[in-house]
Amino acid sequence: MRLLLIEDDDRIAGPLTEGLGRYGFTVDRARTGAAGLADAADTPDLVLLDLGLPDMDGLDVCRSLRARSAIPIIMITARGEEADRVAGLELGADDYMAKPFGVRELVARIRAVTRRTGALPAVPAGPDATSAIPAAAPAPQQLGPLQIDRRTRQVRVGGREVALSPREFDLLAYLAQDPGAVHSRQQIMDAVWDPHFFGPTKTLDAHVAALRRKLGDPGWVTTARGVGFRLTVPGDPPPEAVR
């Protein structure tokens with residue numbers, strides 16, 4: 001698997017490249033945002049993006065990458081504030097890691113992201129998996145003005161297409177499997193991220209905030225205090241009021 005590391009600090013890039021190499025990754029490095037955007041034209045499997053670049057803000061690099069490609073992006077940065085995480089995720093990053101972090105944690109994040117985004121071919125479930133007949137593609141799901149097409153991974157609200165990052169789509173699709181039902185934070189993390197996800201669950205809050213903003217109404221994803229989240233149609237009566 002070939003990674004593109006956009007990082008200007010040799011003290012970080014050197015050990016990171018060496019450590020990832022021990023796990024079998026090939027790492028190409030760019031020292032500036034402009035060089036990273038140029039190197040991304042060679043379509044690496046995943047981009048590791050620092051935000052503090054010398055020539056441009058990493059958020060601008062993320063915006064440019066996402067405008068032309070669905071390549072998975074993990075932001076790696078010293079900026080650990082919630083506002084920075086939300087901004088990065090809203091621009092289309094698939095995950096966000098605040099420095100310092102260990103190589104093993106980063107490898108786990110890379111594997112989780114590539115599984116969720118389909119950047120790597122899926123491993124057959126068994127010896128007969130390759131001969132299985134694929135099931136018919138599901139029809140788009142309609143929830144009020146919200147339409148979710150899992151086959152094309154497209155989302156529309158009132159006919160307007162909504163641009164979601166791969167992780168945001170996975171989160172929405174998971175909640176939409178049982179609209180109105182409360183899903184615990186751990187259930188969501190296990191299903192949408194990975195059962196072996198390393199890191200704080202605040203990344204879930206950041207993705208929920210981004211999803212609410214992009215859908216145009218915070219009422220789409222409501223909080224069950226102390227438990228988790230549910231998907232609801234804004235304006236509909238709460239589940240307990242339905243007869």
Side-chain angles (χ1 to χ4, degrees), residues 1-7 20 25-30 33-51 53 56-77 85-97 106-123 134 137-138 140-141 146-157 160-176 188 191-194 197 203-204 206-216:
M1 182 175 181
R2 188 166 64 90
L3 311 178
L4 173 60
L5 171 63
I6 307 178
E7 169 65 70
L20 289 170
F25 295 98
T26 299
V27 182
D28 298 326
R29 181 193 173 190
L37 289 173
D39 291 348
D42 292 333
T43 60
D45 296 304
L46 183 142
V47 172
L48 301 173
L49 173 62
D50 182 30
L51 295 189
L53 299 170
M56 59 193 300
D57 194 294
L59 292 175
D60 293 326
V61 177
C62 181
R63 182 184 294 107
S64 297
L65 285 173
R66 187 54 72 230
R68 70 192 195 194
S69 171
I71 182 173
I73 300 171
I74 298 179
M75 290 184 169
I76 52 173
T77 176
R85 293 196 301 271
V86 171
L89 294 170
E90 285 190 332
L91 288 172
D94 298 284
D95 208 342
Y96 191 111
M97 295 188 66
L106 177 58
V107 169
R109 299 285 189 98
I110 291 171
R111 289 172 176 168
V113 165
T114 52
R115 280 195 297 270
R116 297 307 308 172
T117 60
L120 292 179
V123 178
Q141 182 180 7
L146 173 66
Q147 183 184 81
I148 304 170
D149 191 332
R150 290 174 173 80
R151 184 178 65 83
T152 62
R153 296 180 67 85
Q154 290 180 312
V155 173
R156 291 179 172 81
V157 176
R160 172 184 62 88
E161 186 167 353
V162 179
L164 300 180
S165 72
R167 186 61 58 81
E168 290 164 1
F169 180 88
D170 291 336
L171 173 58
L172 177 63
Y174 174 73
L175 295 176
I188 297 171
V192 179
W193 272 259
D194 184 82
F197 174 81
T203 188
L204 171 58
H207 278 78
V208 167
L211 195 56
R212 286 169 170 164
R213 185 186 301 254
K214 291 185 178 182
L215 293 179

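This structure is a prediction, so every number in the text was calculated from the model and none was measured.
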Next item on the list: Show the numbers, then the answer: is there a side-chain contact (heavy atoms from CB on, under 4.5 Å) between M56 and L37?
Entry: CA-CA 11 Å; M56 59 193 300; L37 289 173; 4.2 Å; yes

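You'll find the side chain of V155 reaches within 4.5 Å of the side chain of L172, heavy atoms only. Counting heavy atoms from C-beta outward, I71 and T43 have side chains that stay 4.5 Å or more apart. In this structure, the side chains of L204 and V192 stay at 4.5 Å or more apart for every pair of heavy atoms. Put simply, the side chain of L146 does not reach to within 4.5 Å of the side chain of V162, judged on heavy atoms. The side-chain heavy atoms of D95 and I110, taken from C-beta on, include no pair separated by under 4.5 Å. With a 4.5 Å cut-off on side-chain heavy atoms, L48 and L106 count as touching.
Distance CE/M75 to CE/M97: 14.0 Å, rounded to 0.5 Å. Note that CG of L4 is 12.5 Å distant from OG1 of T26, once rounded to the nearest 0.5 Å. Interatomic distance, CD of E90 versus CZ of R63, reported as 11.0 Å (0.5 Å rounding). Annotation: the span from I74 atom CD1 to L46 atom CG amounts to 5.0 Å, rounded to 0.5 Å. Interatomic distance, I6 CD1 to D50 CG, rounded to the nearest 0.5 Å: 9.5 Å. The distance from atom CG of D28 to atom CG of L5, rounded to the nearest 0.5 Å, is 9.5 Å.
Contacts of D39 classified as side chain to side chain donor-acceptor pair (under 3.5 Å), with partners at least two apart in sequence or in another chain: none. With sequence neighbours excluded, the residues that form a side chain to side chain donor-acceptor pair (under 3.5 Å) with T152 are D149, Q154. Remark: R111 pairs with Y23, V107, R115 by the side chain to side chain contact (heavy atoms under 4.5 Å, CB included) rule, at least two apart or across chains. Residues satisfying the side chain to side chain contact (heavy atoms under 4.5 Å, CB included) criterion with A35, sequence neighbours excluded, are A30, T32. Not counting sequence neighbours, A209 has no partner by the side chain to side chain contact (heavy atoms under 4.5 Å, CB included) test. In this structure, the side chain to side chain contact (heavy atoms under 4.5 Å, CB included) partners of A173, at least two apart in sequence or on a different chain, are R150, F169.
Scanning both residues, P166 and R153, for their nearest heavy atoms gives O-NH2, 3.2 Å. The shortest non-hydrogen separation linking R167 to H207 is CG-NE2, 3.3 Å. Between A210 and E168, the closest heavy-atom pair is CB-OE2, 3.5 Å.
Considering L91, I73, L49 in turn, L49 is the only one that fulfils the side-chain contact (heavy atoms from CB on, under 4.5 Å) rule with V61.
Heavy atoms from other residues, nucleotides or ligands lying under 6.0 Å from CZ of R2 number more than 12.
With respect to the salt-bridge test (charged N to carboxylate O, under 4.0 angstrom), the residues R66 and D94 qualify.
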